[in-house]
Amino acid sequence: MSAAVPTEAFRVTGGVNKVRFRADSGFTVMTARIRNAEGEDPDATVIGVMPPLEAGDTFSADVLMEEHREYGYQYRVLNLVLEAQPADLSEAGIAAYLEARVGGVGKVLAGRIAGTFGAATFDILESDPDRLLQVPGVTASTLHKMTSSWSQQGLERRLLAGLQGLGLSITQAQRAVKHFGEAALERLTADLFTLTEVEGIGFLTADKLWQAQGGALDDPRRLTAAAVYALQQAAQQGGHSYLPRARAEKGVVHYTRVTPAQARLAVETAVELGRLSDDTPPLLDTEDALHDPSRIYLPPTLRAEKKLASLIRTLIATPPAGDEWIVPKGAAKGLSAEQAGVLDLLGEHRLVVLTGGPGTGKSTTTRAVADLAEQLGLEVGLCAPTGKAARRLGEVTGRAASTIHRLLGYGPAGFRHNHLEPAPYDLLIVDEVSMCGDGLMLSLLAAVAPGARVLLVGDTDQLPPVDAGLPLHALTQTAPTVRLTQVYRQAAENPIIRAAHGLLHGQAPAWGDPRLNLTETEPDVGARRVALLVRDMGGPTQVQVLTPMRKGPLGVEMLNHHLQSLFNPGEGGVRIGDSHARPGDIVVQTKNDYTNEVFNGTVGTVLKADGSRLTVDFDGNIVELAGAELFNLQLGYALTVHRAQGSEWRTVLGVLHEAHMPMLSRNLVYTALTRARDRFYAVGSATAWQRAAGRQREERCTALLERIRGR
Ligand SMILES: Nc1ncnc2c1ncn2[C@@H]1O[C@H](COP(=O)(O)OP(=O)(O)OP(=O)(O)O)[C@@H](O)[C@H]1O
């Protein structure tokens, strides 16, 4: 290879000397003899994502030369295609290859076959395998094993090579083979956009491959896939269960830059092909023709919405099991009439909803319901959408509580408990239900045992669920519901609670109370200012910083950078999701980890950092994390408001500025504010709060309410 390190990728052919390391992801470190017109490197270190390969395999690849600070020069594979023949055609090389790659052949037999046929071995195996029966020890069954394993490998090689010929990377090719099996190549040749069915490969990736291949921009396969993608994005970005036809078409134009006429055709074609469903209700004469009544769904979403509506209707219409629900006099002790109403409603109804703002007594009521149910000898299951909320529910009710997923026995095959094997409880109590989308609500209600009761508790004014739908809203308008309005004494004195209830009426908080104040700052100096304020407030263990966004001058990443530099300066540390963690750092768990019992949103302190292991104290739960677990951690001095849901702290410093405008809504600032128990300190601009208070979030396209009402 030439002396200077070429900056451009170049093509080489080569033969594998030794595979040193291979991860599940396909990332491989190997040594190989590689060559091209410029020369040969007999023992090059080659790294990157590659198909399964063994010593002796031959390949062609595009590689980039790079200099590693410890290992020196090495070649990074950009794309590698395996050849069907091994490289080393010496007798020993062939024997080694046969032994490693061909089923049914041990060391001795491999040596005999290589000795008998030499370099012709593979051609014979490929095209005239019966001749191998001449070799002593090769029986008919051995031969069968050899030929089937060889053809299977050959098939996989041809598949991977063919998919890479379509422009797929080796990772994408392997995932496509895993998903589609042997049909991968013909499926993707027929319609490359079928690739979007593969987990983690979206329309934009498939479209890039399509355009790289010179695919026509107005090809119906591309436009149909774009129409489906528009609905998927609407669900992920906006929580919509459907889109009016016109908005679906606009989505297609947005993602494909085709004309509105083509976009209209795209949606029509997608509906004709059953890739989308048109569930437009018959136009009631009362409806004004102005608003667009059409409803375009992803088929699974439509089925789920219909199923959820029918489950809710059944729960509302059927009586609870037996007559064991008697409310003794003392049960309502300490409860207001509103709160006691919940106990009575559960006497005659299977499904009851309890909602209200902060400090209105939801948790107190929940505890009373659980107490009564247990006195009546009922089995009570307590759960909540997130680990944090479940822990809080457990603390408040003094009982074991878990996430909904855990309670329903969620595993790789989905939920264990469902309509076939209901969850074994007479009463299910679910807290923080505002965080449940239609999907999770469906799984939950589908697992309710016949005759069993459900109490759903939540605050409809919190942030809407990340997933599509707004089931709690529909439920409060159809199921028996108690809406607690009275804010209790100590709660009412708290200016935060007052400000939260004011926000619900569109009023921005009245700043100036020591427990509720605001400091104006400009974005470019804001993060530094926040760090100094946190110091004045006693440091990061005394105050939790929240902000709407991850990016930007007032985003989580910038805030964490400044807070870590001020409170835990230094170099190095163990690499975690978005930076490096050192002893003393505050970190946050970003995914539920059932093994270590650490849940998304839980904040902890790093006790120890050695090599690539971290010991973290998550309020008393001390765990050691390493490997991939480290990528479920981020610095936690500052969190996004979304991540803070279900948690609360004594003091919160909420960063809010017009720069966050796209995210600002009443529910977002309401959620931020109600994370603070004793003191909320706003930093940013009062204007941002005024604007946010006046912005109801965009209505979600969901027809659950109409369906429950039977329309
Ligand atoms: N009927 C009542 N009479 C007097 N005080 C009450 C009553 N119900 C609740 N409280 C008190 O009001 C405060 C708030 O109650 P609770 O925590 O149940 O409200 P919450 O709606 O769960 O609040 P959050 O949503 O913030 O958790 C508590 O201190 C509680 O003891």
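Indexing begins at 1, ligand by ligand and atom by atom, following the structure's order. Remember, predicted model here, so these are calculated numbers, not experimental data.
Q544 pairs by the side-chain hydrogen bond (donor to acceptor under 3.5 Å, both in side chains) definition with nothing, not counting sequence neighbours. Checked against salt bridge (charged side-chain N to carboxylate O under 4.0 Å, His left out), E522 has no partners two or more places apart in sequence or in another chain.
Residues T460 and S434 form no side-chain contact, since every pair of their non-hydrogen atoms from C-beta on lies 4.5 Å or further apart.
Each of the atoms 21 (O) of ligand 1 lies under 4.0 Å from some heavy atom of G357. In summary, the atoms of ligand 1 found under 4.0 Å from a heavy atom of T360, numbered by their order in the structure, are 19 (O), 21 (O).
Taking only nitrogen or oxygen atoms, main chain and side chain alike, P358 does not reach within less than 3.5 Å of ligand 1. At a 3.5 angstrom cut-off on N or O pairs, G359 counts as close to ligand 1. Ligand 1 has a nitrogen or oxygen under 3.5 angstrom from a nitrogen or oxygen of K362.
Distances shorter than 4.0 angstrom occur between a heavy atom of R392 and an atom of ligand 1. For S336, the heavy-atom gap to ligand 1 drops under 4.0 angstrom.
Tested against P523 for a side-chain contact (heavy atoms from CB on, under 4.5 Å), the candidates H660, E658, H657 yield a single pass: H657.
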Does the side chain to side chain donor-acceptor pair (under 3.5 Å) test come out yes or no for N494 and R515, once each step is laid out? CA-CA 8 Å; N494 183 330; R515 291 172 297 175; 5.1 Å; no
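Side-chain contact annotation: S336 with Y488, donor-acceptor N/O pair under 3.5 Å present.
The part of Q339 lying near ligand 1 is the side chain, judged by heavy-atom distances below 4.0 Å.
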